[in-house]
There are 2 protein chains.
Amino acid sequence: MNTLDVAGKLRGAGLRPTRQRVCLAELLFREGDRHVTAEKLHEEAARDDVRVSLATVYNTLNQFTQAGLLREVAIEGSKTYFDTNTSGHHHFYVEKTGELFDITDGVCLAQTPQAPEGMEISRIDVIVRLAERR
Amino acid sequence: MNTLDVAGKLRGAGLRPTRQRVCLAELLFREGDRHVTAEKLHEEAARDDVRVSLATVYNTLNQFTQAGLLREVAIEGSKTYFDTNTSGHHHFYVEKTGELFDITDGVCLAQTPQAPEGMEISRIDVIVRLAERR
DNA sequence: TTCACTGCAAATGATTTGCAAAGCA
DNA sequence: TGCTTTGCAAATCATTTGCAGTGAA
């Protein structure tokens with residue numbers, strides 16, 4: 001995906017393609033599925049000699065999420081992960097390292113639970129926690 | 001469950017039954033399954049005229065969790081939830097209110113995913129997020 | 001008595017926000 | 001030019017920690 005595409009993608013999402021948004025979007029979307037924290041993306045940008053403040057990385061990730069370009073992943077603990085794959089899928093989480101990656105086999109629920117009165121299911125998250133084999 | 005039982009339960013878990021631990025344990029375990037945050041449990045203790053510092057509530061919840069009396073539940077966002085039901089089961093999460101409760105129908109995965117080389121599954125968390133029906 | 005536990009306040013870590021300066025349309 | 005973004009530093013929120021005082025055995 002080149003710079004023009006990214007700019008278009010941002011415009012399409014209603015986001016002005018500023019230098020920092022374009023750079024971050026390239027980092028996020030040039031490879032396949034990615035799972036990043038704000039901190040990691042910030043470091044990565046720094047490595048690429050892209051000057052972006054950490055605050056802007058946070059703001060940008062939130063804007064991308066609101067725009068539907070990213071999805072937040074629910075993990076207990078302090079850090080928030082963002083996933084470039086916004087379609088419904090589940091995750092492995094390596095407890096020791098904090099790594100997060102997609103489950104590729106077609107894991108799904110045997111039955112969809114019944115939502116309580118007046119409520120509807122907005123999303124189902126499945127996290128499979130992994131530990132080293134003893 | 002009365003005070004004596006609670007004290008026994010704590011001793012059984014290797015925890016000295018101090019006043020604050022006993023009080024908190026009573027709040028947690030006297031009813032059925034509960035899902036609390038440190039903040040909420042602290043308020044609840046205050047309402048019962050139990051003097052406990054918030055720091056102690058945090059420490060106690062962590063100790064109970066380590067002792068296997070509680071289970072931490074993974075929800076995205078800032079707050080940590082503790083569940084008095086430590087057996088494998090899944091949750092509904094009401095996005096608007098932050099409420100958390102058990103899924104009672106027997107929802108489970110259609111197939112257990114294959115853990116990667118050298119890893120084993122330590123736990124599977126399923127969170128069904130609920131929104132108000134439009 | 002002795003060592004674990006508690007409370008307070010200060011420290012921490014992740015994330016957000018206010019506001020002036022800079023950038024895009 | 002005019003409104004949007006950015007960067008910085010300060011603010012916030014949930015949680016943890018250091019340490020002196022308190023309590024259980």
Side-chain angles (χ1 to χ4, degrees), chain A residues 3-4 6-25 27 35-46 49-67 69-70 72-82 98 100, chain B residues 3-4 6-27 35-46 48-67 69-70 72-82 98 100:
Chain A
T3 307
L4 285 175
V6 167
K9 184 167 186 160
L10 293 178
R11 276 201 207 85
L15 295 168
R16 190 187 284 189
T18 63
R19 177 180 61 77
Q20 18 291 77
R21 294 215 266 238
V22 170
C23 293
L24 293 176
L27 288 174
H35 302 84
V36 300
T37 60
E39 200 78 45
K40 287 226 202 73
L41 185 60
H42 184 237
E43 281 170 26
E44 209 173 305
D49 282 311
V50 177
R51 293 158 296 109
V52 201
S53 75
L54 182 57
T56 296
V57 173
Y58 274 105
N59 291 157
T60 301
L61 286 171
N62 286 144
Q63 289 155 179
F64 284 10
T65 301
Q66 262 193 272
L69 268 33
L70 294 176
E72 233 174 301
V73 182
I75 306 283
E76 101 197 12
S78 30
K79 284 167 190 275
T80 301
Y81 285 78
F82 294 87
L100 189 69
Chain B
T3 306
L4 285 176
V6 168
K9 183 167 188 159
L10 293 179
R11 274 200 207 85
L15 295 167
R16 190 188 283 188
T18 63
R19 179 181 59 78
Q20 16 293 75
R21 295 218 266 239
V22 170
C23 292
L24 293 176
E26 278 173 0
L27 289 175
H35 302 85
V36 300
T37 59
E39 200 78 43
K40 287 228 203 72
L41 185 59
H42 185 236
E43 282 169 25
E44 209 174 305
D48 269 29
D49 283 311
V50 177
R51 294 157 294 109
V52 201
S53 75
L54 183 55
T56 297
V57 173
Y58 274 106
N59 291 157
T60 303
L61 286 172
N62 286 145
Q63 288 155 179
F64 284 10
T65 301
Q66 262 193 271
L69 266 33
L70 294 176
E72 233 174 302
V73 182
I75 306 282
E76 102 196 11
S78 30
K79 285 167 188 274
T80 302
Y81 286 78
F82 295 87
L100 190 69

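Since we're looking at a predicted model, the values are computed, not measured. Order of the sequence lines sets the chain letters (A, B, ...), proteins ahead of strands, with each chain counted from 1.
Using a 4.5 Å cut-off on side-chain heavy atoms (C-beta onward), A/T37 and A/T80 make no contact.
B/T37 comes within 4.0 angstrom of no nucleic acid atom, judged by non-hydrogen atoms across all strands.
Remark: B/T80 is in phosphate contact with D/dT15, judged by side-chain N or O atoms under 4.0 Å from OP1 or OP2. Between A/Y58 and C/dT16 there is no side-chain polar atom (N or O) within less than 4.0 angstrom of OP1 or OP2.
One interatomic measurement links the two molecules: NZ of A/K79 to P of D/dT15, which rounds to 16 Å at whole-angstrom precision. Atom-to-atom, NE2 of A/H42 to P of C/dG13 comes out at 17 Å; the value is rounded to the nearest Å. Following rounding to the nearest Å, A/I75 (CD1) and C/dA14 (P) show an atom-to-atom distance of 15 Å. What separates CG of B/N62 from C1' of D/dA14 is a distance of 12 Å, to the nearest Å. What separates CG of A/L61 from P of C/dT15 is a distance of 10 Å, to the nearest Å.
In plain terms, the two heavy atoms of A/A13 and A/L69 that are nearest each other are CB-CD1, 4.0 Å.
Of the listed residues (A/V6, A/L41, A/V50), just one forms a side chain to side chain contact (heavy atoms under 4.5 Å, CB included) with A/L27, and that residue is A/L41.
Legend: residues meeting ring-ring contact (aromatic ring centres under 6.0 Å, His included) with B/H35, ordered by chain and number and at least two apart, are B/H91.
Between the side chain of B/T60 and the backbone N or O of B/T56, at least one donor-acceptor pair lies under 3.5 Å. Under a 3.5 Å cut-off, the side chain of A/R21 and the backbone N or O of A/L15 do not form any donor-acceptor pair.
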Might you list the N or O atoms of the protein lying below 3.5 Å from N or O atoms in nucleotides 5-8 of chain D, with each pair's distance?
unit_1: D/dT5; atom_1: OP1; unit_2: A/R21; atom_2: NH2; d: 2.7
unit_1: D/dT5; atom_1: O5'; unit_2: A/R21; atom_2: NH2; d: 2.9
unit_1: D/dT6; atom_1: OP1; unit_2: A/T18; atom_2: OG1; d: 2.8
unit_1: D/dT6; atom_1: O3'; unit_2: A/Q20; atom_2: NE2; d: 2.7
unit_1: D/dG7; atom_1: OP1; unit_2: A/Q20; atom_2: NE2; d: 3.1
unit_1: D/dG7; atom_1: OP1; unit_2: A/R51; atom_2: O; d: 3.3
unit_1: D/dG7; atom_1: OP2; unit_2: A/S53; atom_2: N; d: 3.0
unit_1: D/dG7; atom_1: OP2; unit_2: A/S53; atom_2: OG; d: 3.3
unit_1: D/dG7; atom_1: OP2; unit_2: A/T56; atom_2: OG1; d: 2.7

